[in-house]
Amino acid sequence: MIQIYHNSRCSKSRECLRLLEHSDVEFEIIKYLETPPTFEELEALISKLGINPLELIRKKEKLWLENFKNKEFTAKELIQIMVLNPILIERPIVVNGNKAIIARPIEKTSEIL
């Protein structure tokens, strides 16, 4: 089943959700701000995305700029930072089996459906 890591306050996330709703596929909405992923879940998600943890972080987010910018972190430390501060996780993320994408731009969603 397809999953979308969704933040209802994000316009791109809402657009992606609408696209899924009109695509005739079953999907599950994961409200990751309400129920943050565990370290293991986030590590698996990053693996499915095929990226390093830093690429999943919203670097323009105020929290990142004020607390973490220009500091060095290991991959595990970055994952832990995102687990503790899920607002830093880039969105929307769409998962289909063993593959995942960051749906920016939204049109990338078609690559995974």
Starting from [Y], can I reach [X] by hopping between I/L/V/M/F/W/Y residues whose side chains sit under 4.5 Å apart?
{"X": "I106", "Y": "I30", "answer": "no"}
{"X": "I51", "Y": "W64", "answer": "yes"}
{"X": "I2", "Y": "I102", "answer": "no"}
{"X": "L45", "Y": "I29", "answer": "no"}

Within the distance-only criterion (no hydrogens, no angle test), does the side chain of [X] pair as donor or acceptor with the backbone N or O of [Y] below 3.5 angstrom?
{"X": "E77", "Y": "T74", "value": "yes"}
{"X": "R14", "Y": "R9", "value": "yes"}
{"X": "N96", "Y": "I112", "value": "yes"}
{"X": "K60", "Y": "L65", "value": "no"}
{"X": "E43", "Y": "E40", "value": "no"}
{"X": "S13", "Y": "C10", "value": "no"}

Query raised in the report: If you draw a 6.0 Å radius around NZ in K48, do more than 12 non-hydrogen atoms from other residues or ligands fall strictly inside?
Result: yes

Query raised in the report: More than 12 foreign heavy atoms under 6.0 Å from CD of E26: is that the case here?
Result: no

Below 4.5 Å, heavy atoms only, C-beta onward: do [X] and [Y] meet side chain to side chain?
{"X": "K12", "Y": "P92", "result": "yes"}
{"X": "V94", "Y": "C16", "result": "yes"}
{"X": "K59", "Y": "K69", "result": "no"}
{"X": "Q80", "Y": "N85", "result": "no"}
{"X": "R91", "Y": "H6", "result": "no"}
{"X": "V95", "Y": "I4", "result": "no"}

Requested in this report: Looking only at non-hydrogen atoms, find the nearest pair between L88 and I81 and report the distance.
Outcome: CD1-CG2, 3.7 Å

Requested in this report: Please name the pair of heavy atoms, one in L63 and one in F68, separated by the smallest distance, quoted to 0.1 Å.
Outcome: O-CD1, 3.8 Å

Could you grab the distance from atom [atom1] of [X] to atom [atom2] of [Y], nearest 0.5 Å is fine?
{"X": "E28", "Y": "M1", "atom1": "CD", "atom2": "CE", "answer": "6.5 Å"}
{"X": "K62", "Y": "N67", "atom1": "NZ", "atom2": "CG", "answer": "10.0 Å"}
{"X": "N7", "Y": "L17", "atom1": "CG", "atom2": "CG", "answer": "11.5 Å"}
{"X": "L33", "Y": "I87", "atom1": "CG", "atom2": "CD1", "answer": "5.0 Å"}

Query raised in the report: Which is it for N52 and I46 under the side-chain contact (heavy atoms from CB on, under 4.5 Å) test, yes or no, and what are the steps along the way?
Result: CA-CA 7 Å; N52 68 59; I46 289 166; 6.0 Å; no

Query - Verdict with supporting geometry, I89 and R58, side-chain contact (heavy atoms from CB on, under 4.5 Å) - result: CA-CA 6 Å; I89 299 172; R58 298 177 53 80; over 6 Å; no

Query raised in the report: Parallel, tilted or perpendicular: which fits the ring planes of Y32 and Y5, with parallel below 30° and perpendicular above 60°?
Result: tilted

Query raised in the report: Where do L56 and I93 land on the side-chain contact (heavy atoms from CB on, under 4.5 Å) test, with the steps shown first?
Result: CA-CA 10 Å; L56 190 57; I93 301 168; 3.7 Å; yes

Report task. Could you walk me through whether F73 and L54 pass the side-chain contact (heavy atoms from CB on, under 4.5 Å) test, one step at a time? Result -> CA-CA 9 Å; F73 297 100; L54 188 59; over 6 Å; no

Report task. Look at K99 together with E111 and state whether they make a salt bridge at an N to O cut-off of under 4.0 Å. Result -> no

